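Report on the structure given below.
To find a chain, count down the sequence lines: A is the first, B the second, and so on, and within it residues start at 1. Quick caveat: nothing in here was measured; it's all calculated off a predicted structure.
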Amino acid sequence: MLVALLGAVLVRVAMLKTTDAESFRSAGAEQWTRSTEIAAQRGTIFDRHGNELAMSVPAASISINPKLLENGPATVQLLDGLLDLSDERVESLMAEVNKPEGERRGFVYVARQVDADLGDQIRGLGRAGINVDAEARREMPGGRTGQTVLGRTDIDGKGIAGLELQYDDLLTGAGGQLTREIAPGGRTVPGSETITQPPVPGEDLVLTIDRAIQFASEEILIEQVLDIDARGGFIVVLDTDTGQIMANASVRRDDLTDEVEVTRGNFVVTDSYEPGSVAKVITVAAALDAGVVDQATEFEVPWREQYYDDLLKDSHQHDTEMMTIEKILVESSNIGTIKIQERLGRFDHHDYMTEFGLGQKTALAFPGESAGIFKDVDELWGSERVTVSYGQGMSSTPLQMVAAVNAIANDGVYVAPSLVRSVVGADGTITPMPPNETRRVVSQEAAEVTARMMQEVVCNPFGTARRAAVEGLPIAGKTGTAFKAAANGTYFDEDGDRIYYASFAGFFPTDDPQVTVLVAIDEPPARSRDRFGGTASAPLFAALTPTLIHELGIQPGDDAFGCEG
Amino acid sequence: MAVTVRKQRSSPASTARRPALSVVRRRRRWPAVIGVVLVMFMLVAMLGAAVFHTQLAQRQLRIDDLEREVQSERERFDELRRDRAVLRSPGRISTEAEALDMVRGETSRFIEVDAGALARQLAAAGVTDDDARRIIGESGPLDQFRDVKEVSAGQP
């Protein structure tokens, strides 16, 4: 009988351990455990040298369960003392905890993304009704440096702008699950948290951006925009050979505070402007490549001429004179450039402009990127047909324009710009991005001749870019002073003043270009001498050069010289 | 003096009161033994199971503690990375430099350094151990980050 009884007990124990085990376990778990999703560690974004530009750090979210609080108002005051909540927040929390018992909610956020140490401190209080959950906080250790391209995430860590958005899937990873036991009263049993499904961390990005050059570009821009009271500005720095973007800086004056700040939006790729005379280098290079002109070709150039319905002019009055194409470029003659375009033919000219990347988005695929406005040749009407030769009657983003000029620096080969260099996998392996697309747009000879002419733009006493010159460094470039369309559809603001877009695009060393830079100032004051590309933008190119030389180790050849040679 | 004790003969009356007796067979003891053994075995087994489960729970607690420590160290690693990145950021360095009345350089010059002089200077700076040299001199933030990722790949 005893044996039978013991046997029965054994059988029951066996059943509890085997067939009935799962059901009891589940029932118990349902009663006393809670599962929460744990977000995967978001990937880090590095600059080209491995410096962190954006990364996630441990943080905590603090919430309360008003139904379980022993003393709601006291708890709110306690949390206020620890978290330094705003008055509005305290007021709203007090309203929640003072509701009649039947109307209270079971979950109310108090604060998100607080320091992890502070979260541990609050958790250590062991107060019923206060929940502390781990979460991550996205930070940019370099402050605002690079925020133009990095974009941002929302409070839940999801990318909503810039590269954070573009590469959100890659950076996010896959979430996991955390199970914890709940004691009577709703508190988490200390030490009961178990990761039942580990999260898979996101992958990391290594950008082409150089943090030091990015910072220097932003600082120089902010200083200049403040100095001359402009609206904003851009600087783009490309590695000539690879098209990798080493700096993508955008600053703008805030309409309300009047402060000049690094923008959160990447206007270098999302906004387009009439580039003005910088586009003349494309017309010249195209004509040289097509063989319709050479260095000795001259044109009779008046200071103004009627085209279709418009009387077009040069920037300054001059006698009708014979000009070589170099002189046309150096003195930035609009009429002279039109003559070159006419010699080339406007259809061929349009094709060359397209080959140089105008009118189409780059390979960057950046969120919100603009293709600019570059009409089909058949859609151009009136004087537009000729003004496109000097960058008016069309629009391009700063990135499109610097990539176009870079083709001249790169011996006539267009290379698509890029922002991401490689991806770091979960096991630390680096996967480089595929090489950028390249295509030849003009011959090497045409590019070299154009580059030498662009060096004259900087060095010639009549050149418009003399303020871009740097002692001992051969620099080639072109200025642009374009009219910018106003909101009213004209080129004049409400005061009757013109609105300008002043730019300079250049590269160095001329004989073996390493880096191509575009500097643009948006809406410099209309009545000041700082409204020109040569005065507003060219000096910033010169100011940035020491940083570029230092960071990139660009050492001019022994026989190289600047304008002084 | 000797006393003779005569053995009393059984009387017919006492014979008549003697109960009927028979030879009792010796009982088998092995079922009881087996039962006791089984009971002992069960008790030992249950005790063993209890001890085993206790050990299991203790080991699991230890594993949980270790996992929490690993997670805590990873979080600390990330915090230190962030702190290092802040210290090395151009913005902070620029601010500190300006506080020391330093100004941004406007020109750059390249100076040739004699290789021999450089070698002498390095030697004078002293020898560091391989690990320190690797960490300080040869590996950057990304390399160190990748090393940690490689070690912790696939682990919770």
The interface call for B/R104 against chain A, heavy-atom contacts under 4.5 Å, is side chain
Okay, A/L53 and chain B: the region with an atom under 4.5 Å from a heavy atom over there is neither
Of the listed B/E75, B/Q60, B/R84, B/M46, the one with the largest count of heavy-atom pairs under 4.5 Å with chain A is B/E75
Rounding to 0.5 Å, atoms CZ (B/R92) and OG1 (A/T145) come to a distance of 13.0 Å
Max heavy-atom pairs within cutoff under 4.5 Å with chain A, candidates B/I93, B/I34, B/V39, B/L87, goes to B/V39
So, the part of A/E218 with a heavy atom under 4.5 Å from chain B: the answer is neither
Next on the checklist: Using the rule given for side chain to side chain contact (heavy atoms under 4.5 Å, CB included), can you reason through B/D78 versus A/T44, listing the C-alpha separation, both sets of side-chain angles and the distance that settles it, and then say yes or no?
Outcome noted: CA-CA 10 Å; B/D78 285 337; A/T44 301; over 6 Å; no
Would you say CZ of B/F41 has more than 12 non-hydrogen atoms from neighbouring residues, nucleotides or ligands within 6.0 angstrom? no
What I want to find out is whether B/R82 reaches A/E52 closely enough, with some N-O distance under 4.0 Å, to be called a salt bridge. no
Could you verify whether a donor N or O on one side chain and an acceptor N or O on the other, from A/T429 and B/R146, lie under 3.5 Å apart? no
Whatever's closer than 4.5 Å to a heavy atom in chain B on A/A216 counts as neither
Pair count under 4.5 Å, heavy atoms only, with chain B: among A/E471, A/M55, A/R211, highest is A/R211
Honestly, the part of A/R48 sitting under 4.5 Å from a heavy atom of chain B is neither
Bottom line for A/I213: the part with an atom under 4.5 Å from chain B's heavy atoms is neither
Rounded to the nearest 0.5 angstrom, the CG-CD1 distance for B/D143 and A/I430 is 7.5 Å
From the list A/R144, A/H49, A/E223, the residue making the most non-hydrogen contacts under 4.5 Å with chain B is A/E223
Okay, A/V424 and chain B: the region with an atom under 4.5 Å from a heavy atom over there is both
Nearest heavy-atom approach of B/K149 to A/E203 is NZ-CA, 4.5 Å
Checked A/V3, A/V200, A/L6 vs chain B; the most non-hydrogen pairs under 4.5 Å come from A/L6
| query | How about B/E69: does its CD atom have over 12 heavy atoms from other parts shown lying under 6.0 Å from it? | reply | yes
Cut-off 4.5 Å, heavy atoms of chain A, and the answer for B/R76 is neither
Tightest non-hydrogen contact, residues B/P141 and A/G50, listed as CB-O, 3.2 Å
Applying a strict 4.5 Å limit to non-hydrogen atoms, the region of A/V13 in contact with chain B is neither
Interface check, chain A: of B/G91, B/P90, B/S89, most non-hydrogen pairs under 4.5 Å belong to B/P90
